[in-house]
Amino acid sequence: MKNERMTMLWHPQNGDKGGGAAKSPICVKVWIESGVYLVDGSFILPKLTWMAMHEGQLDSRTLNLSKSAPKQLDLLDVCRVRATKSVDRQHYCFARADRSFMVQTQDEAYLFEARTQDERDRIVDAMKLLIARLASLLMLRDLRAVEEFFSCGGVPGEAPQWAR
């Protein structure tokens with residue numbers, strides 16, 4: 001899961017009951033962005049990152065003019081990753097419970113929808129294992145964490161197409 005980019009639907013949470021129109025799901029590209037291990041021994045944690053694949057508010061027909069940064073969560077901020085059994089229609093009007101999963105932090109919850117139930121189950125299990133491995137390696141101060149989760153001096157983000 002660390003080396004793949006997945007296409008999913010992100011369901012932004014609607015406001016409190018009776019508040020405005022329902023928010024539509026957004027097709028997003030989701031990936032795990034490597035952390036950066038700095039020379040002085042400090043580091044920037046790996047992140048769960050997602051960005052809209054299409055932006056309907058653009059005035060021109062040119063692609064990828066977005067000046068907005070992708071949404072991100074530090075992997076160690078994630079408290080819970082779970083497959084949904086039911087969905088609160090007050091907050092997530094369009095989500096399919098059988099394909100959705102919730103990523104929860106201390107402050108917020110993010111609902112994503114995979115293409116199939118099998119893909120959802122694979123993503124949920126992989127995220128749980130990934131976060132547990134990162135946390136355990138960092139707690140033990142194991143240098144394998146640097147090799148597996150951090151790039152040394154690299155620039156975070158996606159490599160250009162010609163470099164792949």
Side-chain angles (χ1 to χ4, degrees), residues 1-17 19-37 43-56 64 66 68-140 142 144-151 154-159:
M1 181 171 172
K2 289 187 308 187
N3 298 321
E4 65 181 300
R5 304 205 185 292
M6 300 162 284
T7 302
M8 294 186 226
L9 286 178
W10 170 47
H11 294 272
Q13 186 172 0
N14 293 326
D16 292 328
K17 297 176 185 173
K23 294 181 182 175
S24 296
I26 301 167
C27 184
V28 293
K29 186 67 92 176
V30 182
W31 68 94
I32 302 293
E33 191 165 298
S34 293
V36 179
Y37 188 76
F43 51 85
I44 300 170
L45 288 172
K47 298 176 184 324
L48 175 66
T49 307
W50 66 96
M51 178 176 263
M53 293 190 60
H54 168 68
E55 296 183 60
N64 298 326
S66 177
S68 64
K71 299 208 179 292
Q72 295 182 321
L73 289 175
D74 283 342
L75 286 181
L76 293 182
D77 285 345
V78 174
C79 298
R80 176 183 286 180
V81 179
R82 65 179 176 83
T84 56
K85 293 185 176 139
S86 64
V87 175
D88 183 356
R89 297 291 173 201
Q90 297 284 339
H91 296 290
Y92 306 104
C93 302
F94 303 112
R96 292 185 56 173
D98 63 328
R99 297 180 184 178
S100 298
F101 64 96
M102 182 79 66
V103 177
Q104 293 176 309
T105 66
Q106 197 75 7
D107 304 321
E108 297 186 64
Y110 302 91
L111 187 76
F112 293 94
E113 183 178 323
R115 292 179 187 160
T116 65
Q117 187 173 2
D118 290 337
E119 183 183 40
R120 183 227 24 210
D121 294 341
R122 184 184 67 80
I123 292 168
V124 168
D125 291 341
M127 282 189 66
K128 287 178 179 180
L129 290 171
L130 191 74
I131 293 167
R133 179 149 179 88
L134 173 63
S136 65
L137 288 175
L138 290 176
M139 285 176 26
L140 296 172
D142 193 327
R144 287 180 292 179
V146 175
E147 297 169 9
E148 291 182 32
F149 294 97
F150 297 90
S151 60
V155 177
E158 192 170 336

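Position 1 is the first residue of the sequence, and the numbers go up from there.
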For [X], side chain to side chain contact (heavy atoms under 4.5 Å, CB included) partners two or more places apart:
X	value
C79	Q106
T7	C27, K29, M53, R115
L76	L45, L134, A135, L138
Q72	E33, K47, T49

Q | K85 NZ to S100 OG distance, which is reported to the nearest 0.5 Å | A |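 Here the interatomic distance stands at 14.0 Å.
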(Q) To the closest 0.5 Å, what do you measure between CD1 (I26) and CZ (F112)? (A) 10.0 Å
Q. Just wondering, more than 12 heavy atoms not from R82 lying within 6.0 Å of its CZ?
A.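 Yes, enclosed.
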Q: Given side-chain contact (heavy atoms from CB on, under 4.5 Å), test L48 with V78 step by step and report yes or no.
A: CA-CA 9 Å; L48 175 66; V78 174; 5.6 Å; no
(Q) I'd like to know if the side chain of T105 reaches the main chain of D77, judged simply by a donor and an acceptor atom lying under 3.5 Å from each other, with no hydrogens or angles considered. (A) no
Q. If you look only at pairs with a residue in residues 118-130, which of them pass as a side chain to side chain donor-acceptor pair (under 3.5 Å), with sequence neighbours excluded?
A. E4-R122
[X] to [Y] - nearest heavy-atom pair and separation:
X	Y	result
A97	S86	CB-CA, 4.0 Å
W50	V28	CD1-CG1, 3.9 Å
V87	A95	CG1-CB, 4.0 Å

Q: Quick one: sort the Y110 and W10 rings into parallel, tilted or perpendicular, breaks at 30° and 60°.
A: tilted
Q. By ring pair (Phe, Tyr, Trp, His ring centres under 6.0 Å), which residues pair with F94, not counting sequence neighbours?
A.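 Expected list: none.
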Q | Partners passing ring pair (Phe, Tyr, Trp, His ring centres under 6.0 Å) against F149 (at least two apart in sequence or in another chain) | A | none
Q. Which pairs count as salt bridge (charged side-chain N to carboxylate O under 4.0 Å, His left out) when at least one residue sits in residues 88-113, sequence neighbours excluded?
A. R96-D98
[X] side chain near [Y] side chain, heavy-atom distance below 4.5 Å:
X	Y	answer
L75	L130	yes
H91	L111	no
Y92	M102	yes

Q | Test salt bridge (charged side-chain N to carboxylate O under 4.0 Å, His left out) applied to R133 - qualifying residues, sequence neighbours left out | A |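 Scan of R133 (salt bridge (charged side-chain N to carboxylate O under 4.0 Å, His left out), adjacent residues dropped) gives E148.
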